S.K.: 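So that we are looking at the same thing, I have put the structure below in structure tokens.
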Amino acid sequence: MYRFLLSRQWVILTLIALVLIPVMIELGFWQFHRHERRVTQNQLIEDNLKAAPVPVTELTSPGHTVPRADYWRRVTATGTFDTGHEVVVRRRTNADDRIGVLVLTPLVLRDGRVVLVNRGWVPAAADQKSFPEVPPAPRGEVTVTGRLKADETTGASGIKDLSGLPPRQVMLINSEQQAESIGRDVLGGYLEQTAPAPAGDTPELIPEPDHDSIGAHMAYAVQWWLFAAGVPVGWVVLVRREKRDREEAARTPGADGGERDGDGGSGGGSRGGDEREPAAHLPA
């Protein structure tokens with residue numbers, strides 16, 4: 001009764017099931033690994049935000065690539081803002097998802113080197129070719145505290161580095177690009193300012209990165225694994241149902257077969273009647 005499994009329909013169905021099981025298992029592990037990375041990142045952010053601030057020059061230098069272990073490290077920098085080389089970073093959102101720009105101002109350290117400071121978010125100008133209104137940076141020597149971030153690249157951020165932008169506008173925060181413009185040694189990465197707070201709360205300081213939520217990746221992983229477990233169960237249910245239907249069909253006479261037998265009997269009777277009737281009218 002299981003010979004039907006060799007039919008084309010069942011062979012295709014079985015092959016599809018055999019393909020779906022490992023695919024769903026792999027998708028479950030993909031979501032599980034995303035969950036693990038999210039948990040690890042949350043722990044890294046929490047630890048680095050709790051750590052005591054250190055001078056930025058202890059963690060980075062010109063041409064240095066900030067490693068992931070140092071992301072969001074609290075650092076300090078003392079120097080004078082160079083507003084003449086201030087730029088804005090286009091197409092960035094604030095905490096309320098409003099589109100505007102980030103204010104990127106070089107801070108010249110006492111040794112003459114420069115660290116880029118993201119002073120926060122301001123609304124973009126009505127005309128995208130115009131430079132927006134930016135609150136002035138503090139004058140004189142100032143000590144800035146912030147979170148250390150790595151240079152932005154198109155590959156890491158997905159943001160296209162467009163050419164032909166209006167003066168003093170950029171798409172990415174990149175120390176190498178700014179070093180060419182400023183003409184000084186610029187420390188790798190940049191500082192995301194958290195203190196001192198700006199007068200009038202503008203520019204809007206960048207809020208702390210979220211390190212509490214873990215997303216739904218673990219739930220998605222469990223769902224994929226349940227789907228994978230359900231495929232063989234569903235296949236067995238369908239096989240047993242098909243077997244039962246075939247057994248019932250074998251035990252019960254088919255409606256078509258019964259009608260054919262009846263037609264044959266009726267037809268035979270009619271032919272017999274036709275053969276006797278002419279004989280009764282033969283002349284004596």
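A quick note: this is a predicted structure, and the numbers were derived from the prediction, not measured.
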S.K.: Assess the side chains of Thr76 and Thr145: does a donor N or O sit below 3.5 Å from an acceptor N or O?
M.R.: no

S.K.: What pair of heavy atoms forms the shortest contact from Val101 to Pro123, and how long is it?
M.R.: CG2-O, 4.3 Å

S.K.: Identify the two heavy atoms, one from Met171 and one from Arg92, that lie closest to each other, and give their separation to 0.1 Å.
M.R.: O-NH2, 2.9 Å

S.K.: Sub-3.5 Å donor-acceptor pair from the side chain of Thr93 to the main-chain atoms of Ile99, do we have one?
M.R.: no

S.K.: Does Glu192 reach the main-chain N or O of Asn118 with its side chain, forming a donor-acceptor pair under 3.5 Å?
M.R.: no

S.K.: Nearest 0.5 Å, what's the CD-CG distance between Gln193 and Leu107?
M.R.: 9.0 Å

S.K.: Ignoring hydrogens and angles, state whether a donor on the side chain of Asp151 or Ser175 is under 3.5 Å from an acceptor on the partner side chain.
M.R.: yes

S.K.: Of all the heavy-atom pairs spanning Val144 and Phe81, show the shortest one and how long it is.
M.R.: CG2-CZ, 3.8 Å

S.K.: Do Ser213 and Arg38 have a side chain donor and acceptor closer than 3.5 Å?
M.R.: yes

S.K.: Let's go through Glu208 and Arg147 carefully: what are the C-alpha distance in whole Å and the side-chain angles of both, what is the deciding distance for salt bridge (charged side-chain N to carboxylate O under 4.0 Å, His left out) to 0.1 Å, and is it a yes or a no?
M.R.: CA-CA 9 Å; Glu208 276 191 3; Arg147 298 178 287 264; 5.0 Å; no

S.K.: Look at the rings of Trp225 and Phe32 and say which category their plane angle falls in: under 30° parallel, 30 to 60° tilted, over 60° perpendicular.
M.R.: tilted

S.K.: For the residue pair Phe131 and Arg168, what are the closest heavy atoms and their distance?
M.R.: CE1-O, 3.4 Å

S.K.: Determine whether the side chains of Asp47 and Gln43 contain a donor N or O and an acceptor N or O closer than 3.5 Å.
M.R.: yes

S.K.: Could Asp111 and Arg113 be called an ion pair, given the rule that one side-chain N must be under 4.0 Å from one carboxylate O?
M.R.: yes

S.K.: Taking all non-hydrogen atoms of both residues, which atom of Leu187 and which atom of Pro62 are closest, and how far apart?
M.R.: CD2-CD, 3.6 Å

S.K.: Would a distance-only check, ignoring hydrogens and angles, find a side-chain to backbone donor-acceptor pair under 3.5 Å from Thr83 to Glu86?
M.R.: no

S.K.: Hey, is CZ on Arg91 packed in by over 12 heavy atoms from elsewhere, all under 6.0 Å?
M.R.: no

S.K.: Quick one: pull up CD in Glu247 and CD in Glu242 and give me the separation to the nearest 0.5 Å.
M.R.: 11.0 Å

S.K.: Please give me the minimum heavy-atom distance between Gly146 and Leu191, naming the atom from each residue.
M.R.: CA-CD2, 3.5 Å

